[in-house]
Amino acid sequence: MYEGRTSGVFLRFAVPQMLGLLFNSVYTIVDGMFIGNRLGRAAMAAAAVAVPLLEVLISLAIATASGAGVMISIRLSQGETVKAHRYFQESFYLLLGTGLLIAVAGNLWLRPLSELLGGTQDILNDAMTYLRYIIMFAPFQLLSFFLGGMARNDGRPRLAMTALMLGAVSNIILDYLFMYPLNLGIAGAALATALGPIFSVLILLPHFLLRRGALYFEKCPLYIRDIKHILIYGFPSFIMEFSIGIVTFLYNYAIVHYGYGNLGLAAYLMIGYLMLIILTLFLGLGEGLQPVFSYFKGRGELSRSKEMLGFAIKVFLALGAVCYLAILLLSQSFYSVFSPNDTVLVAFASEKSISYFCGFCVAGVNVLMISYRQSTGATGKAFALSLLRSLIFPPVLIFTVPAWFGRNFIWVCLSAAEAMAGCCAALMVRKGEIPFAGAAQIRSAARWRRR
């Protein structure tokens, strides 16, 4: 499974996950297309309010899958299947319980949550309607991403890809059905997005229930203390995934603060869709490589891990350059799909995209380095870089640069943050700070290995 040329292993694991996540991103993007064409600018702004919450759910699921995946891949590479089963089931029940808690608590505090996420008075009712359905089906959103990650670690990357793709296709069909023949408005768009993950879960779950691979459900002791290690190993993935939600929240607030209003919110929704596509390419490739890097670590194959990393850096840089060229040439056509009759909105979004995406070549390499360090046990370095590119540099730049140089500079802040984080990553490389596993992480890993 992990043998062969570096490029072959890359294609076998990274590309299916990238394609699966890319199709899954259609959940949100198709909503924007239908909402923009059917309901207009105000409804698009209301849907934008829900994006940070969706990113939180996805981040929780992928972080848990990544943390458990690192531990599971290492165990499987060493032939310790009993402990691999234990980590799988502990993670599954953790996310199931979390999803049910979110569904209950979110509906109890729906209005304050909507206001916190940026819902202004003129769009608050639509924002609450959209959020209600997303919250109600939160358990399926969590489990669809988690089970996909587990299938990938179980050597079934194509199954994970298929499940995510079919979930996206079902969302497209349901969007049309609910918003046109049934005329359910923004509630229909939200319901279609919420139901999509159910189809993914139905495709993935039989793999584990019917014992078609190395991971499956069985009676075994479950330990709360394992959850700590799963979360520690997965936390860099949470920050990395959640960075989309964090950035969206910060920009929604700043756009209103600096007086762009609904035009700015609607434009940023479309820019956010494009950002989601590009980051999904990088995140999918990085997540797809997690089992590979973790397997090489468990087997002690340092040279193969380094070779894969070097090959992946070249791919990520080339992909980032191609994406930015496409933005320069095709962004206006892309935005016209969402709101073909609003030329002012399309022109505004297209103009701001040039500055917004100028540093995304570096973003891809940052994502790769976080994934590599996390997968090989260097959790501290992965966590540091995740914080720099999401919780430290973006807020500082977004709330200072426009105040000093004018509000138009808000659109370059994210790319500047990625460039600054990339410089920190490059400094670590020059100082040899890409260890196979740091000393602190080795001591932490040794503790759960003995159990």
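What you see is a predicted model; the values in this text were computed from it and never measured. This chain uses plain numbering: 1 for the first residue, then up along the sequence.
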Between [atom1] of [X] and [atom2] of [Y], what distance do you get to the nearest 0.5 Å?
X	Y	atom1	atom2	value
L96	L101	CG	CG	11.5 Å
L205	L143	CG	CG	8.5 Å
I230	I227	CD1	CD1	4.5 Å
D175	L184	CG	CG	11.0 Å
K306	F293	NZ	CZ	10.0 Å
S386	R373	OG	CZ	9.5 Å

Going by heavy atoms in the side chains, are [X] and [Y] under 4.5 Å from each other?
X	Y	answer
I102	L57	yes
L281	C323	yes
P112	L116	no
F282	L368	no
L317	V362	no
V9	L289	no
I271	W411	yes
M18	L283	no

Once salt bridge (Lys or Arg N to Asp or Glu O under 4.0 Å) is applied, what residue pairs with a partner in residues 195-208 remain, sequence neighbours excluded?
none
Applied to residues 385-409, the salt bridge (Lys or Arg N to Asp or Glu O under 4.0 Å) test, sequence neighbours excluded, yields R389-E418
Distance-minimising heavy-atom pair for [X] and [Y]:
X	Y	answer
L385	N366	CD2-O, 3.9 Å
L95	A61	CD1-CA, 3.9 Å
I398	Y251	CD1-CE1, 3.5 Å
F238	V56	CE1-O, 4.4 Å
A194	Y133	CB-O, 3.5 Å
L204	A151	CD2-CB, 4.1 Å

Flag if over 12 foreign heavy atoms under 6.0 Å of CZ, R38
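Above 12, so yes.
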Please check if the number of heavy atoms outside Y176 that lie under 6.0 Å from its OH is greater than 12.
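Counting other residues, nucleotides and ligands, OH of Y176 stays at 12 neighbours or fewer.
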Using the side-chain hydrogen bond (donor to acceptor under 3.5 Å, both in side chains) criterion, which residues pair with [X]? Sequence neighbours excluded.
X	value
Y335	S353
T248	none
T6	E307
S415	none

Donor-acceptor pair, distance only, cut-off 3.5 Å: does the side chain of [X] make one with the backbone of [Y]?
X	Y	value
S355	K352	no
N107	A103	yes
E287	S66	no
S200	A163	yes
S371	V367	no
S294	S375	yes
S144	P197	no
R152	L147	no
D154	L215	yes
Y130	A189	no

Mind checking what makes ring pair (Phe, Tyr, Trp, His ring centres under 6.0 Å) contact with [X], not counting sequence neighbours?
X	value
F360	F357
F399	Y253
F334	F338
F146	none

Using the salt bridge (Lys or Arg N to Asp or Glu O under 4.0 Å) criterion, which residues pair with E115? Sequence neighbours excluded.
R111
Using the rule given for ring pair (Phe, Tyr, Trp, His ring centres under 6.0 Å), can you reason through Y268 versus Y356, listing the C-alpha separation, both sets of side-chain angles and the distance that settles it, and then say yes or no?
CA-CA 10 Å; Y268 190 69; Y356 188 84; 5.7 Å; yes
Please assess M165 against L22 for the test side-chain contact (heavy atoms from CB on, under 4.5 Å), listing each intermediate value before the final yes or no.
CA-CA 8 Å; M165 285 183 171; L22 183 61; over 6 Å; no
Tell me, which pairs form a side-chain hydrogen bond (donor to acceptor under 3.5 Å, both in side chains) where one or both residues lie in residues 317-332, sequence neighbours left out?
S331-S350
